[in-house]
Protein chains: 2
Amino acid sequence: MIFNIDDSSDFSLDNLPFGIFSTTDRDKRAGVAIGEKIIDLYALHQVGEVFDFDATILRQEALNDFISLGKSITNKVRSDIQDWFKDKDSVLARNPQVFVNQSDAQMHLPVRIGDYTDFYSSIEHATNVGKMFRDPENALLPNWRHLPVGYHGRSSSIVISGTSINRPYGQTKPVGAAKPIFGPSKRMDFELEMAFIIGKKTSLGDSVSIHQAEDHIFGMVIFNDWSARDIQKWEYIPLGPFLGKSLGSSISPWIVTMEALAPFRVPGPNQDPEVLPYLEYNGNHNYDINLEVDLMPDGGATNTICRSNYKYMYWNMLQQLTHHTVNGCNINIGDMMASGTISGKDTHSYGSMLELTWGGKNPLTLNDGLTRTFIEDGDTITMKAFAEKDGQRVGFGSVSGKILPPKTK
Amino acid sequence: MIFNIDDSSDFSLDNLPFGIFSTTDRDKRAGVAIGEKIIDLYALHQVGEVFDFDATILRQEALNDFISLGKSITNKVRSDIQDWFKDKDSVLARNPQVFVNQSDAQMHLPVRIGDYTDFYSSIEHATNVGKMFRDPENALLPNWRHLPVGYHGRSSSIVISGTSINRPYGQTKPVGAAKPIFGPSKRMDFELEMAFIIGKKTSLGDSVSIHQAEDHIFGMVIFNDWSARDIQKWEYIPLGPFLGKSLGSSISPWIVTMEALAPFRVPGPNQDPEVLPYLEYNGNHNYDINLEVDLMPDGGATNTICRSNYKYMYWNMLQQLTHHTVNGCNINIGDMMASGTISGKDTHSYGSMLELTWGGKNPLTLNDGLTRTFIEDGDTITMKAFAEKDGQRVGFGSVSGKILPPKTK
């Protein structure tokens, strides 16, 4: 080992996720997280000519072209680094200048996101929202168990962890009011999600079968789908959520590859009724990834307000991607597909304030005697995700964002 | 005049729309349509050094960088061409090699489309769909007259006129069936729309006021939002249309600028109830643009099945854009915002098969004794749009697409 990686680090030698970083003297480029450091892949190639591909793609503002090389190459980069890191005479060991402290780096969006799709694949979340927004007796709509419900989202407003978001303005219709009103949202929320990133494109008219789907998925990030519930509630019928969502979504900076996550596969829930044949899958395609949401008031203490797990998903990624392309819809490298809010059965595992406070009826009690129904100005929401098994840890780091007061109009 | 432009041409000297074309010996580049010709802007600069900006942006695969120069520059290109075209000694007259026949050129998507939004702004269309899909007595939902309802669409599957589309597969639930089934769509439809293209970007958190909105709109195209009605009907509750739409959308190749369309401004319909102050506008912001939809069976004759007009829109573009950004959602150059289906009051002005045949109940009678409820394999749908007033004509050409049989699975 060139240096010791703490057992509690998300960025173990088994992980080696990819991201785009810069420092005061390095422009945007591709890096791999390892412990508390980043390996500057471009600098590594400059000193060692270690890669067989055109290394200028390592000094771009996004990983799209790197990802387009295919899994055989991107995974070889990871396995080479694993080998070099264990070898005290390797090119990596001989060139300490290729390591950058994460604390000295600024992270950027890892990919150019063409299209972004948001699914709605947690049965607990869909049931909770159905109870609150619609009919408690028929919370789950008739199509929900037959197909992974999803919708097209706004990609321009996806931002990197650390970006603050102003409380959005919008139209809302207060209960009992005769007319809608205009003003800042009063029900600002987060949604705890994971998103996967497309690694292999298709052409319009082609479909990805469930057996091919895994080959098209490069890796995953944590995804906070900020939501203005009062705006969403008034606007969403009949065409779905729009401005209640496009105010911003935040992602974690490091793309953890599907290969790094493979040891954490677990069976998914029983799907009843049986799904149509095009959605039938073999093997384990859920992932045991621990999720946590922290709320920190301005200048206050951190409160862990939710612990959930990605393994609760009713529909898995293969089913989501297969369904998405069954109509011939083409996908591009860098497209992002989010899970929808990941809630578990337990009330502490609900992945949004809407569910945690049951529409604001049951305020959360925080440290320092504070309470919350929805997010208040100055609150920072941080989401963390990691998988752990048999002493092996593969994590995502975190995605963090602060809600600022509405801009003056 | 360097040559005569027929009075019936969409591409009059008053128009001069921008597009991206190629020929067997010219790679993709920016052009301006004029009569039956295209002016190769890159070639023009090469012979005359006529433009003050970096002309390499005229030889790119999309107009985004050209548009980013701003309206003062892009409009000067149009007015310079108008001057040169009238002058027999001009750089344009002296260099006939900069003209290309449209019939020799292949057209391409004019812009890289970041995000695509589809509105739902025709009151006649929203009422018709509400009657068929929901409740005839309460066809228009409570929010419809208060805000321009819209949703995020799929940008990857937007294609240029002339691209064929395979009939999509998907899940549908036939009336009375206990379970959904899988197969090719049986209710393939078009939607007659226009779309505007963003010409000036904003940053996340900023809003475009209704007084600034026009400055952010570069121009317009015709937009055919292909729709699989049976897929849409089963999937769309509660998050909106998804695979029933992302199978493909087709656009016309020439972007007609807002300046070319200015003479055709007309008042919009009375909006009742009054809109909230952020959506209040001054002046005329509807446009009198004649619209036509033709259906041509494979090897058969052309049938004009719809005549509508863009002036019927209840919500105008300024209101759509202002609403879209009021929550701080950022927009980028090349983003596309479509109107939603443009239907008039008259049944012949309905902009979709769904409305024209009232959900398939009243088949259309075509030439040659044929009938249609929805689109059949081999049918070509062509949409045309033009404005005309006082002998001045500004048109869009057309957008055309053929529905092919479903791909073999």
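Here is how names work: the chains are called A, B, and so on, in the same order as the sequence lines, proteins then strands, and each is numbered from 1. Please read all numbers here as calculations on a predicted model, not as lab measurements.
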Is it the backbone or the side chain of [X] that comes under 4.5 Å from a heavy atom of chain B, or both, or neither?
| X | result |
| --- | --- |
| Ile237(A) | both |
| Leu279(A) | side chain |
| Ile331(A) | both |
| Asp206(A) | both |
| Leu247(A) | both |
| Val159(A) | side chain |
| Arg134(A) | side chain |

Kindly compute the distance separating [atom1] ([X]) from [atom2] ([Y]), expressed to the nearest 0.5 Å.
| X | Y | atom1 | atom2 | result |
| --- | --- | --- | --- | --- |
| Trp234(B) | Leu141(A) | CH2 | CG | 9.5 Å |
| Leu239(A) | Leu239(B) | CG | CG | 11.5 Å |
| Leu243(A) | Cys329(B) | CG | SG | 7.0 Å |
| Lys179(B) | His146(A) | NZ | NE2 | 8.0 Å |
| His323(A) | Glu235(B) | NE2 | CD | 6.0 Å |
| Asn166(A) | Asn327(B) | CG | CG | 11.0 Å |

Worksheet item: Given the side-chain rings of Phe182(B) and Tyr278(A), with only the six-membered ring counted for Trp, is the space between their centroids under 6.0 Å?
Response: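 Centroid distance Phe182(B)-Tyr278(A): below 6.0 Å, so yes.
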Would you find more than 12 non-hydrogen atoms of other residues, nucleotides or ligands less than 6.0 Å from [X] atom [atom1]?
| X | atom1 | value |
| --- | --- | --- |
| Glu61(B) | CD | no |
| Glu274(A) | CD | no |
| Lys186(A) | NZ | no |
| Lys201(B) | NZ | no |

Give the member of [options] that has the highest number of heavy-atom pairs under 4.5 Å with chain A.
| options | answer |
| --- | --- |
| Pro277(B), Gly114(B), Pro241(B), Pro273(B) | Pro241(B) |
| Ser185(B), Gly328(B), Pro142(B) | Pro142(B) |
| Gly150(B), Pro168(B), Ala228(B) | Gly150(B) |
| Tyr151(B), Tyr236(B), Tyr120(B), Tyr116(B) | Tyr151(B) |
| Gln171(B), Lys245(B), Lys407(B) | Gln171(B) |
| Gly130(B), Gly170(B), Gly205(B) | Gly205(B) |

Practice prompt. Provide the closest heavy-atom pair for Thr117(B) versus Arg154(A) in the form atom of the first, atom of the second, distance.
Written response: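 Taking Thr117(B) first and Arg154(A) second, the nearest heavy atoms are OG1-NH1, 3.6 Å.
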May I ask you to name which of [options] has the most heavy-atom pairs under 4.5 Å with chain B?
| options | result |
| --- | --- |
| Gly248(A), Ser164(A), Ser246(A), Gly240(A) | Ser246(A) |
| Val149(A), Asn332(A), Leu147(A) | Leu147(A) |
| Pro180(A), Ser209(A), Ser207(A), Gly244(A) | Pro180(A) |

Worksheet item: What orientation do Phe242(A) and Phe119(B) show, parallel under 30°, tilted 30 to 60°, or perpendicular over 60°?
Response: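 The rings of Phe242(A) and Phe119(B) stand perpendicular, inter-plane angle above 60°.
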Practice prompt. State, yes or no, whether a side-chain contact exists between Ile165(A) and Leu204(B) at a heavy-atom distance under 4.5 Å.
Written response: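 Touching, per the 4.5 Å side-chain cut-off.
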